[in-house]
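Working notes, beginning with the structure itself.
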Amino acid sequence: MRAEHGGTRGSTTWAPVESVSGTLIAFSTSPDRNASDGGFENHSIYTGALLEHLKGEKVSIEKFFKKVRQTVYSLSGEKQITWEHTSLIGDFYFDVDKMIYSGDIPYHESAVQDKNYDYSTTFGKLFKEMRSHNWYKQNAAISSLLNYGHSDLTKDEQFIFGRNLIQTNCGGSYSSAGFFKDLSDGLSKYQINGQNHVLNRILYEMYFNSSGEFRNENFKSNDYEYIFQLRMSTEYKTSFDFIEKLLTPYQDKLFYIPSISNSSITSIFHYP
């Protein structure tokens with residue numbers, strides 16, 4: 001996403017721009033119209049409206065820019081109408097506690113927000129069994145899935161598998177518990193070209209729920225000692241880089257962000 005506000009002092013002109021999939025380009029005015037550079041304290045009307053609405057409640061990106069447009073239209077005496085050029089596919093929200101689905105998460109949206117995942121496929125049915133509250137079904141599904149490696153499952157399927165492994169482990173599944181007790185060995189079959197999508201989701205699931213929201217106080221800390229000790233291995237560097245990047249916006253809510261640069265852990269989760 002980017003905002004366009006250029007031109008000579010006193011006015012701004014709009015120029016059409018091509019955008020790739022998953023982007024939004026915001027303009028301070030509509031095509032072939034001028035926009036004032038003043039009128040909102042030390043900012044233009046458009047910049048002032050953007051800053052003002054960023055302080056508001058959690059809203060979708062579409063509703064956010066509609067609110068901005070209404071403010072700019074009113075303050076300009078109905079002369080200036082803002083404009084957006086968008087090719088967004090996923091859902092985006094302006095809120096610090098909502099994980100924005102973006103390029104930082106290299107998985108399909110249905111794999112991240114897996115309540116919308118297709119559980120009718122062969123592996124989807126096994127994932128659904130793992131989601132059940134029946135230990136017999138869970139353990140049988142886990143045993144079946146552990147027979148497959150990275151060449152059998154897509155990266156989205158491996159990501160989903162990681163979530164269900166930590167979920168069933170928290171629920172007391174002995175198959176999951178066994179996996180976490182020898183975690184490095186269990187993960188090794190999913191390691192390829194320095195990437196481990198199963199571990200990525202295990203780390204992600206500790207801090208974010210199935211809707212992509214930051215967990216605040218409800219972190220998943222079961223067997224964290226087995227998970228975090230992997231950070232000492234360069235083999236799993238990309239996974240810890242992945243979660244460190246996603247957690248950086250929430251660093252004021254955490255005592256600790258897992259990273260390969262850490263030498264010791266004194267406290268894990270904190271919410272002020």
Side-chain angles (χ1 to χ4, degrees), residues 22 89-90 99 101-132 137-171 173-213 215 220 222-224 226-231 233-247 258 260:
I89 297 172
M99 172 49 61
Y101 180 72
S102 70
D104 292 338
I105 307 178
Y107 304 100
H108 191 276
E109 185 177 4
S110 65
V112 177
Q113 300 177 331
D114 60 352
K115 60 185 178 181
N116 300 319
Y117 190 74
D118 179 9
Y119 291 98
S120 66
T121 65
T122 299
F123 292 122
K125 291 175 182 178
L126 291 172
F127 297 146
K128 188 174 182 179
E129 295 290 278
M130 289 182 70
R131 289 166 59 91
S132 73
K137 290 183 178 181
Q138 287 180 345
N139 290 321
I142 293 168
S143 296
S144 295
L145 283 160
L146 287 175
N147 289 323
Y148 297 98
H150 66 76
S151 61
D152 303 299
L153 302 170
T154 67
K155 69 175 186 179
D156 285 334
E157 289 169 336
Q158 292 175 55
F159 196 65
I160 289 284
F161 188 31
R163 178 191 189 247
N164 286 291
L165 278 170
I166 192 170
Q167 286 285 91
T168 51
N169 184 46
C170 291
S173 163
Y174 65 78
S175 292
S176 289
F179 181 88
F180 278 88
K181 290 298 186 295
D182 197 1
L183 188 56
S184 183
D185 183 64
L187 288 170
S188 62
K189 67 193 302 182
Y190 305 104
Q191 187 79 4
I192 181 171
N193 298 327
Q195 297 286 338
N196 198 301
H197 306 297
V198 174
L199 178 57
N200 284 1
R201 185 52 185 262
I202 288 172
L203 291 167
Y204 180 85
E205 189 67 20
M206 294 175 74
Y207 294 93
F208 300 96
N209 64 23
S210 61
S211 296
E213 296 169 334
R215 290 186 180 279
K220 292 189 178 298
N222 291 56
D223 288 331
Y224 76 86
Y226 299 112
I227 300 169
F228 286 173
Q229 73 180 12
L230 297 177
R231 79 196 194 286
S233 171
T234 56
E235 183 179 9
Y236 300 113
K237 179 182 184 300
T238 57
S239 290
F240 285 93
D241 288 345
F242 166 78
I243 195 62
E244 183 180 13
K245 186 173 184 179
L246 295 182
L247 289 176
I260 63 167

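- Between Leu126 and Phe161, every side-chain heavy-atom pair lies at or beyond the 4.5 Å cut-off.
- By the 4.0 Å N-to-carboxylate-O rule, Arg215 lies close enough to Glu205 to be salt-bridged with it.
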For the pair Leu203 and Phe228, evaluate side chain to side chain contact (heavy atoms under 4.5 Å, CB included) and give the outcome as yes or no after the intermediate values. CA-CA 9 Å; Leu203 291 167; Phe228 286 173; 4.1 Å; yes

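- Considering only heavy atoms from C-beta on, Leu153 comes within 4.5 Å of Tyr190 through its side chain.
- For the pair Phe159 and Asn200, the minimum side-chain heavy-atom distance is below 4.5 Å.
- Leu145 is listed as a side-chain neighbour of Met130, based on a closest heavy-atom distance under 4.5 Å.
- When side chains are defined from C-beta on, Glu157 does not count as touching Tyr148, because their heavy atoms never get closer than 4.5 Å.
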Trace of the side chain to side chain contact (heavy atoms under 4.5 Å, CB included) decision for Leu146 with Phe179: CA-CA 9 Å; Leu146 287 175; Phe179 181 88; 3.7 Å; yes

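- A 4.5 Å side-chain heavy-atom check between Asp118 and Ser110 finds every atom pair outside the cut-off.
- One side chain, Ser175 or Asn139, offers a donor N or O that lies under 3.5 Å from an acceptor on the other.
- Scanning all heavy atoms of the two residues, the minimum distance from Glu129 to Ala141 falls at CB-CB, 3.7 Å.
- Closest non-hydrogen pair, Asn196 versus Ser239, comes out as O-OG, 3.4 Å.
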Could you walk me through whether Val112 and Tyr204 pass the side chain to side chain contact (heavy atoms under 4.5 Å, CB included) test, one step at a time? CA-CA 9 Å; Val112 177; Tyr204 180 85; 3.4 Å; yes

Tell me, with the steps shown, if Leu187 and Leu230 meet side chain to side chain contact (heavy atoms under 4.5 Å, CB included). CA-CA 10 Å; Leu187 288 170; Leu230 297 177; 3.5 Å; yes

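- The shortest non-hydrogen separation linking Tyr117 to Gly124 is CE2-CA, 4.3 Å.
- Between Lys245 and Asp241, no side-chain nitrogen of the basic residue sits less than 4.0 Å from a carboxylate oxygen of the acidic one, so the salt-bridge criterion is not met.
- Annotation: side chain of Ser184 is not in contact with side chain of Tyr226 (no heavy-atom distance under 4.5 Å).
- Between Lys137 and Ser132, the shortest heavy-atom contact is CB-OG, 3.8 Å.
- For Asn164 (side chain) and Ile160 (main-chain N/O), a donor-acceptor pair under 3.5 Å exists by modelled atom type.
- The structure places CD1 of Ile243 at 14.5 Å from CZ of Arg231, a figure rounded to the nearest 0.5 Å.
- Among Arg163, Gln158, Gln191, the one residue that satisfies the side chain to side chain contact (heavy atoms under 4.5 Å, CB included) test with Val198 is Gln158.
- Atom NE2 of residue His197 and atom CG of residue Leu199 lie 11.0 Å apart, to the nearest 0.5 angstrom.
- There is no side-chain donor-acceptor pair under 3.5 Å between Ser173 and Thr168.
- Cation-pi geometry between Lys155 and Tyr107 is met: the NZ or CZ atom falls under 6.0 Å from the ring centre, inside 45° of the normal.
- Crowding of Lys189 atom NZ: a count of heavy atoms from other residues, nucleotides or ligands under 6.0 Å exceeding 12.
- Side-chain contact of Thr154 with Asp156: a donor-acceptor pair under 3.5 Å is absent, judged by distance alone.
- With rounding to the nearest 0.5 Å, the separation of OG1 in Thr238 from CD in Glu235 is 9.5 Å.
- At most 12 heavy atoms of other shown residues, nucleotides or ligands fall within 6.0 angstrom of atom NZ in Lys125.
- Partners of Lys128 by salt bridge (charged side-chain N to carboxylate O under 4.0 Å, His left out), not counting sequence neighbours: none found.
- In this structure, Asn193 places its CG atom where only 12 or fewer heavy-atom neighbours from other residues, nucleotides or ligands lie under 6.0 Å away.
- Closest approach of Leu246 to Phe208, counting heavy atoms only: O-CZ, 3.9 Å.
- Nearest heavy-atom pair, Lys220 versus Cys170, reported as atom, atom and distance to 0.1 Å: CD-SG, 4.1 Å.
- Proximity of Ile166 to Phe180: side-chain heavy atoms (C-beta onward) are separated by under 4.5 Å at one or more points.
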